[in-house]
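Structure record follows, encoded as structure tokens.
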Amino acid sequence: MLTSIAYGLAILLNLFIIFIGVRFLVVPQAAAAGYGVPAREVAFLSVKGVRDLSYGLIGLALLAFVGATAGAWFMLVVALVPLGDTLIVLRNGGTRATAFGIHFATAVTVLISAALLFAV
């Protein structure tokens with residue numbers, strides 16, 4: 001049961017970040033509004049899109065081809081990204097609700113996923 005929950009959450013999180021990456025590539029202005037800070041340069045939004053898409057694909061590949069421990073380490077390290085996003089939103093005029101309700105909550109969820117994968 002724990003294995004199913006651990007893998008299920010990790011797969012869901014990786015698919016979600018792939019979705020976010022694709023959204024930044026396809027509709028960058030709308031994706032930036034959801035991120036929590038104003039968008040000025042589409043090129044930078046595309047960079048975020050490629051970054052997020054790549055992280056999601058790497059996470060899925062690690063889970064599929066290497067296993068839970070590699071996936072756990074990946075999730076542990078990649079949790080730094082939404083923590084950094086929290087600070088970016090706070091430092092650039094975004095709301096605390098967005099910073100903590102979206103980005104910090106995502107970091108916590110990713111850390112929980114890492115812990116579950118380590119437990120498998």
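All values below come from the heavy atoms of this structure, side chains included, with hydrogens, waters and symmetry mates left out.
Two residues are said to be in side-chain contact when any heavy atoms from C-beta on lie closer than 4.5 Å; Val89 and His103 meet this criterion. Inter-residue side-chain proximity for Phe24 and Val50 is flagged as unmet; no heavy-atom pair is nearer than 4.5 Å. Taking the side chain as every heavy atom from C-beta outward, Val37 and Tyr35 approach each other to under 4.5 Å. Here the side chains of Phe19 and Asp52 are not in contact, with every heavy-atom distance at 4.5 Å or above.
The cluster map of Ile, Leu, Val, Met, Phe, Trp and Tyr, joined by side-chain heavy atoms under 4.5 Å apart, puts Phe100 and Val110 in the same cluster. Clustering ILVMFWY residues whenever any of their side-chain heavy atoms sit less than 4.5 angstrom apart, transitively, puts Val108 in the very cluster that holds Val81. Grouping the Ile, Leu, Val, Met, Phe, Trp and Tyr side chains by contacts below 4.5 angstrom, directly or via other members, places Ile11 with Ile5. One hydrophobic cluster, built from ILVMFWY side chains closer than 4.5 Å, holds both Phe16 and Leu45. Following chains of ILVMFWY side-chain contacts shorter than 4.5 Å, one cannot reach Ile102 starting from Ile88, and the two form parts of different hydrophobic clusters.
In this structure, a donor-acceptor pair under 3.5 Å is present between the side chains of Thr98 and Thr95.
In this structure, Gly71 and Leu117 approach most closely via the heavy-atom pair C-CD1, 3.7 Å. Taking each heavy atom of Ala10 and Leu63 in turn, the nearest pair found is CB-CD1, 3.6 Å. Here the closest heavy-atom approach between residue Ala39 and residue Ala32 is recorded as CB-CB, 3.3 Å. In plain terms, the two heavy atoms of Pro28 and Val42 that are nearest each other are CG-CG1, 4.0 Å. Minimum heavy-atom separation, Tyr55 to Asn14: O-OD1, 3.7 Å. Heavy-atom minimum distance, Val120 versus Ala6: CG2-CB, 3.5 Å.
In Phe104, the CZ atom is not crowded: 12 or fewer heavy atoms of neighbouring residues, nucleotides or ligands sit closer than 6.0 Å.
In this structure, CG on Leu116 lies 10.0 Å from CE on Met75, to the nearest 0.5 angstrom. Atom CZ of Phe74 sits about 8.5 Å away from atom CG of Leu60, to the nearest 0.5 Å. If you take CD1 on Ile18 and CD1 on Ile58, they are separated by 10.0 Å, rounding to the nearest 0.5 Å. Distance check, rounded to the nearest 0.5 Å: CG of Leu13 to CD1 of Ile17 gives 9.0 Å. One distance of note links CD1 of Ile20 with CG of Leu15; it measures 11.5 Å at 0.5 Å rounding. Taken to the nearest 0.5 Å, the OH atom of Tyr7 stands 11.0 Å off from the CG atom of Leu2.
Ser113 contributes no side-chain N or O that, together with a main-chain N or O of Thr109, makes up a donor-acceptor pair within less than 3.5 Å.
A salt bridge does not link Asp85 with Arg91: every distance from a Lys NZ or Arg NE/NH1/NH2 to an Asp or Glu carboxylate oxygen is 4.0 Å or more.
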